[in-house]
Each structure stands twice: as C-alpha cells, then as structure tokens.
Amino acid sequence: MGRPSTGLRQKPKNNPMLAVDFPEDLKPFLAPAPGGDMGYDCLACGARHAPDQLLYTCPACGGLLMLTDRKIGRLRDKPGSFWRRLFDHRLMLNLQAVRGVFTFHEFLAPNVPLADIVYLGEGHTPVVAAPPVLAKTVGAPFFVKMEGQNPSASFKDRGMAAALSMLNHLVRVKNMGQVIAVCASTGDTSAAAALYASSLGSAVKSAVLLPQGRVTPQQLSQPLGAGAAVFELPGVFDDSMKVVERLSERYQVALLNSKNPWRVLGQESYAYEVAQQFDYSLRDKVLVVPVGNAGNVTAILSGLLKFHRASVTDGLPKIVAVQSTRANPVFLYYRQPEGRRSYSPVEVRPSVAQAAMIGDPVSFPRLAALSAAYEQEAGPSSFFVVEVDETSIMEGMLLANRHGLTVCTQGGECMAGLKAALREGLITPSETPVLDSTAHALKFVDFQNAYFEGRLKNEYGVLTRPELANQPRSLDLGPAPTPAGGRSLSPEERELFVSAAAERIAKALGLAGKE
Ligand code: F0G
C-alpha cells in the first residue's frame, strides 16, 4: 500500500472539520444509508434466517448462528484506499451515530439506520506504547489497547452498542412494546447490558444473572446502579448461562450474551480500530487476546478477515489467544493435532482472571470455524493458544500497572501470554505485539488488594512477592496532637501535628533537606 506509518492514529478530541469542509468525493458517504443483505446463518445446518427477528439459535436445528451480509462483495467495488480515507475522515465528523463502533457501519451492521443507533461514548479506545522500562522487563516493545476506557469500563460496550442499536430498531419498526433483555455474566457483560438497556428508558428492561461470589463488588454495583433486576445464582458462570439459555428458549426475552450474534458484530470494531490505529498495516502485528466465552476472539478474527478481504488492510496479524490453566478448554482443544481435535468442556477452578473463568465457551463453534478460515488466509502459523498460570497473571497485571497502565486481571493474562509466547518463540523480534486490556484495573482491584495482603494463597495458589506488595503506611506521631476523630486543633496544636507528620514522612522517604 505504500502508506508511510505516521505513528498511532487516535481519535481527535475535538471535531476540527465541518461537513462542508470534507472532500467532495467523500461527502455522500459520510452518513451511510442502511444497506447490505444481513441474515442469520446457522453454523450447524446452514439454514438462513431473516434478520428482523430476535434469534439466538437456529429455529430449524438449534445450532449457533452468525450474522453475515450476502452483499458484502459490494464493499470490494471500492478500493481499500476509499474505505481508509472514509473511516479516517469520519473520525472528524460531528455525527453521534458514527462516532463509536458504527464508524465502520458498512462492515459492521449495515442494515441498522443511523437514527436507531445507540451511542454512549464507546469505542476508539487508545492504543498505548508500553513505556520503555516495561518493554525492557518483558523482553520486547509492545502496545496495549485500553478497553477499560469504554463507558462501563470494559470492551463489552462494543457488542452492546450493536445489539441494543438493533433491538432499538426492532422495537421501533415492529412495535414490540416493552422488551425484557437478559444475560448471564462474569460481571462485565451484565454491566454493559444494564447500562445500554437503561439508556432506552422503559422500552427495554434488563435482568442479569450472576454467579454468586464470582463477580467483583465493583462489577456488581454497575447493573444495580443502572436499575437492572439482578439475580445471584449458586455455581459458576456456566451454570448461570444454562439458566439464561432456558429462559431464552421458553420465554419472550431478548438475550444479550454473545450467543446473540449482533454482539459479535459490535465487537468486530476492536479489529477495525486496531487496523486504523496502525495505519491499516497489520502484517507484522501480533494481537494478544484473553479468551473466556470466546466471543471476543471470534469477533476479532471475523473483523480482521472482513477488512483483509476488502483490501482495507495490508496483511493479517498473528493471533495469540490466552487462557488460564484453570479455565482452559480452548487451549486443550488447539493443543491436539490438527484434523484429530475434539472439544470437551472443563470444570473451572477459581481464577484471578475471573471474567474469563468459563469452562464451556458458548462461542466455541464460531471460533473453530473462524480460526480455520483465518489460518487458510493468513497462513498456518497465524493462530495460537497459550495457557498461563495464576501467579503469572497476577504478576503481569501488577507489573503493567506499576508502569503507567491500568490493566485488569485479564490484561494481566495478556501480559503473561505475551511472555509465554516470547518464551516459546511464537513471536519474532520483527513483530509488534498489541495486548487487549479488556477492562479497567479498578473493576478488579480486590484481587490486587488480596495479593498485597497475602490472601490469594489458598484459593488461587498465588504467593505474594514482597517486592510487588504495597500497603498504606501509618505514622507514629508520638505525643503530637492530631485531628484524629474530627478533633479540631488550635493553631499551635496544628503546627505541632504538621511538623511531626512532615518530619516522619521525610525520614521514611529519605528526603534531603533544603539549604
Ligand atoms: N476480559 C474481560 C474483562 C471479560 O469480561 C471477559 C468476558 C473476557 C475477557 C473474555 O472474553 O468471553 O469474549 O472470550 N466476560 C464475559 C462476561 C463472559 O460475562 O462479562 P470472551
């Protein structure tokens, strides 16, 4: 393509261009009209179903569904350079509907009219270069895409923006009355589902099913704050998922798990943004992605293939999918020799990468189909799965967050996966890894604090390394008066307190005095 790399392309903070100032040839395309020929394809029996209904499994055989655009070939009528210019210009357009994941409307869900798009500020998360000291410690320069900067602080907002936009569309055109939207979750899908549903007022009411004690307090607070009905169930995520599947089979509900294929379309935007942020040159990149229910990695593969087939990007990146040894069905599948692989769910054990603690990923059949297609187009060594242990996940997160980043435990899983892939020689020095930090560190802060306090040993088998631990320090202020308990101090007492505290802090930090 010969485009010189100008460094990372990030979304401008302001909108420097008015629509009249855009290039003439792009003006008719800036605000896209509905198009394409979307439909549900069954992965098991191949049946095709119309898109204007809520389907999660094939009505003919019960198989898993993918959404495809039968007119996707039309995207090839324009050269890749056209799409690149259009998407880059859209970043400067002050039109809410195409400011988030629908910047890539034509590739994502082209049937959704702009008027129905739900935008809450998702997408266009920054890609940050690991600070040099971190890169040196890890053994290679790399980048991190900060998905925790989405509205509900995880990548799930991408999928919800697409699913709720489609639902909003159906509610309007089909006069559906109030819809009850349900999902099971390890904490982030529920936060995103509740947030996006709440933006639609009484049209959509959300209900979330959570495995009791396996969701962090911060994640639990999110659907509660958004006004969702929250149910805590015994067991792990896989148990809650089965209950939600039963609800969607027997009752009138909208399912918001990634079994809902509109969610997968929204999550493809991660791939489109990475492409854009690296000037559409992906040949030498390695995307490192944590895997739980396998919706994210599936969406990324699908998005990469779509951009590649329409010549928007130059080459396909290598993919390194990462799982914990305590929730590793995808790793165990791909470890078997090609052609003789068989899939079995696993019983999960407690993992600090709790959001990905899933033993029977719902999107597994999609992943198996897409990884095969991907390897065919990108070459035989383009898709790998590595497994990492709990200690390396925790230490990966802590290391990143001691160097200017704010990654969650799943981001820590990516850090551990990067190290494992480097160790195993899966990444060459000429390649650039890009890690997916899927949520914000603050959602998982209890794991950090438990590590610092040495409480992760029994359940997770993680021992605290003292040099990584950090705790608040209190000061012995001796006889000095203090404002403890709200006591008010006289000016003389305050002076004694301030000088006693300052002296002890200076001593603890080894501060040199001023001349
Ligand atoms: N990282 C985070 C922060 C997650 O919340 C999840 C999944 C994953 C990684 C794994 O992604 O499932 O697409 O393979 N969380 C789901 C949930 C299952 O309910 O929030 P995946």
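Indexing begins at 1, ligand by ligand and atom by atom, following the structure's order.
Scanning the protein heavy atoms around atom 12 (O) of ligand 1, the nearest turns out to be Asn293 N, 2.7 Å. The closest protein non-hydrogen atom to atom 6 (C) of ligand 1 is Ala355 O, 3.6 Å. Annotation: atom 7 (C) of ligand 1 to nearest protein heavy atom, Lys156 NZ, 3.0 Å. In terms of protein heavy atoms, atom 1 (N) of ligand 1 is closest to Thr438 OG1, 2.7 Å.
In terms of polar-atom proximity, Asp188 is counted as a contact of ligand 1, with an N or O under 3.5 Å from an N or O of the ligand. Where the criterion is an N or O separation shorter than 3.5 Å, residue side chain and backbone included, Pro290 fails it with respect to ligand 1. Polar contact check, Phe237 against ligand 1: no nitrogen or oxygen pair lies under 3.5 Å apart. For Val291, no nitrogen or oxygen atom sits less than 3.5 Å from a nitrogen or oxygen atom of ligand 1, counting backbone and side chain alike. Any N or O atom pair closer than 3.5 Å counts here, and Gln410 shares no such pair with ligand 1.
Proximity of Ile358 to ligand 1, defined as any heavy-atom pair under 4.0 Å, is confined to the side chain (atoms from C-beta onward). Counting heavy atoms closer than 4.0 Å to ligand 1, residue Ala294 contributes backbone atoms (N, CA, C, O) but none from C-beta onward.
Close placement of the Phe107 and Trp83 rings is indicated, their centers lying within 6.0 Å of each other.
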